[in-house]
Amino acid sequence: GLARDYAFAPGQYLTLKARIGDEEVRRSYSICAAPADQELRIAVKRVEGGLFSPWAAETLEAGHEIEVMTPVGRFGAAALKPGPRHVLGIAAGSGITPILSIIKTVLAGDARSRVTLFYGNRSTQEILFREALEDLKDRHLQRLSIFHVLSREEQDLALLHGRLDAEKLRR
């Protein structure tokens, strides 16, 4: 009955509200699904010393209820104009969540569209959504290019090693 209220555009986010101990806590998380996935999904990355993410990782399970506000945000809307396009995505760490939603939508929307993603992380093990990205790449070999820039792991190309910063992107 709430499907219309929770319809979302790629790049939007949800705010979750929970009572943790005596405190009401709100945290916003980007939606990492695409509207065509017909599900609403977020990723909560555990932050050491955080309040909400450790609670969610240790306490939340199927059957628990928390409040979820309707999707909001305008990030990414311009990338979804009709027609073929080449979209450049730049993300680091958990910043991939809204970008993943946008990438999925662009690739599903027009068979002539292409996406190039530069994604910075410390190491291969820390790449969030690595399997989902590899699956997308396998399904869209000619239209999706992914470049992992790793700061703590050597790469064959010097350009793909180090921090993903403005200087590196200008090259």
Side-chain angles (χ1 to χ4, degrees), residues 2-3 5-80 87-106 115 117-137 146-155 160-169:
L2 294 173
D5 292 337
Y6 285 87
F8 65 95
Q12 288 191 305
Y13 64 91
L14 298 171
T15 299
L16 283 58
K17 182 171 89 172
R19 181 156 291 286
I20 301 174
D22 293 336
E23 190 174 345
E24 179 180 285
V25 180
R26 295 176 189 226
R27 294 293 185 271
S28 297
Y29 294 96
S30 296
I31 299 168
C32 54
D37 293 339
Q38 298 185 352
E39 68 178 355
L40 196 55
R41 184 183 321 152
I42 60 165
V44 179
K45 182 179 177 184
R46 184 188 197 110
V47 176
E48 291 305 320
L51 181 60
F52 188 88
S53 65
W55 174 82
E58 296 165 10
T59 306
L60 278 182
E61 57 187 33
H64 283 170
E65 293 183 12
I66 62 172
E67 291 185 52
V68 180
M69 296 174 193
T70 54
V72 293
R74 296 178 295 169
F75 177 76
L80 301 175
V87 174
L88 172 64
I90 301 170
S94 60
I96 191 66
T97 53
I99 302 298
L100 181 58
S101 179
I102 293 167
I103 288 170
K104 286 177 163 185
T105 302
V106 168
V115 176
L117 172 65
F118 286 90
Y119 184 22
N121 284 282
R122 291 182 188 124
S123 67
T124 303
Q125 271 61 41
E126 294 185 47
I127 297 173
L128 297 177
F129 296 108
R130 190 168 94 202
E131 286 181 26
L133 289 167
E134 288 172 359
D135 181 52
L136 277 173
K137 178 108 172 81
I146 301 174
F147 299 93
H148 293 285
V149 180
L150 304 175
S151 63
R152 295 186 183 168
E153 201 172 289
E154 288 295 323
Q155 299 269 49
L160 299 178
H161 176 71
R163 290 200 171 268
L164 183 56
D165 55 19
E167 181 182 329
K168 190 173 292 288
L169 291 170

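Values reported hereafter were calculated over all heavy atoms of this structure, with side chains retained and with hydrogens, waters and symmetry mates removed.
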>> Just checking E24: does its CD atom have more than 12 heavy atoms from other residues, nucleotides or ligands closer to it than 6.0 angstrom?
In response: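 It does: E24 CD has more than 12 such atoms within range.
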Determine the minimum heavy-atom distance between [X] and [Y], stating which atoms define it.
X    : Y    : value
S151 : R163 : CB-N, 4.3 Å
S30  : Y13  : CA-CB, 3.7 Å
P54  : V47  : CG-O, 3.6 Å
M69  : Y6   : O-CE2, 3.4 Å
G11  : P98  : CA-CB, 4.0 Å
L128 : S94  : CD1-CA, 3.4 Å

Within-4.5 Å side-chain heavy-atom neighbours: [X] and [Y]:
X    : Y    : result
T59  : I20  : no
L100 : K104 : yes
L117 : L133 : yes
I127 : I96  : no
L51  : E23  : yes
I99  : F75  : yes

>> What verdict does the side chain to side chain contact (heavy atoms under 4.5 Å, CB included) test give for I31 and L14, after you've listed the backbone C-alpha separation in whole Å, the side-chain angles of each residue and the deciding distance to 0.1 Å?
In response: CA-CA 7 Å; I31 299 168; L14 298 171; 3.9 Å; yes
Are the side chain of [X] and the backbone N or O of [Y] linked by a donor-acceptor pair below 3.5 Å?
X    : Y    : answer
H148 : T124 : no
Y119 : L150 : no
T70  : D5   : no
E153 : N121 : no
H161 : V149 : no

How many angstroms lie between [atom1] in [X] and [atom2] in [Y], if you round to the nearest 0.5 Å?
X    : Y    : atom1 : atom2 : result
L164 : F118 : CG    : CZ    : 8.0 Å
I102 : Q12  : CD1   : CD    : 10.5 Å
I66  : W55  : CD1   : CH2   : 5.5 Å
E61  : H64  : CD    : NE2   : 4.5 Å

> Yes or no on side chain to side chain contact (heavy atoms under 4.5 Å, CB included) for F147 and L160, after CA distance, side-chain angles and deciding distance?
Replying inline: CA-CA 7 Å; F147 299 93; L160 299 178; 3.9 Å; yes
> Ion pair present between E126 and K45, side-chain N to carboxylate O less than 4.0 angstrom?
Replying inline: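 Looking at E126 and K45, the cut-off is not met.
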> Given R46 and E58, is the side chain to side chain contact (heavy atoms under 4.5 Å, CB included) satisfied, shown in steps?
Replying inline: CA-CA 10 Å; R46 184 188 197 110; E58 296 165 10; 2.2 Å; yes
>> Let's go through L60 and V44 carefully: what are the C-alpha distance in whole Å and the side-chain angles of both, what is the deciding distance for side chain to side chain contact (heavy atoms under 4.5 Å, CB included) to 0.1 Å, and is it a yes or a no?
In response: CA-CA 11 Å; L60 278 182; V44 179; over 6 Å; no
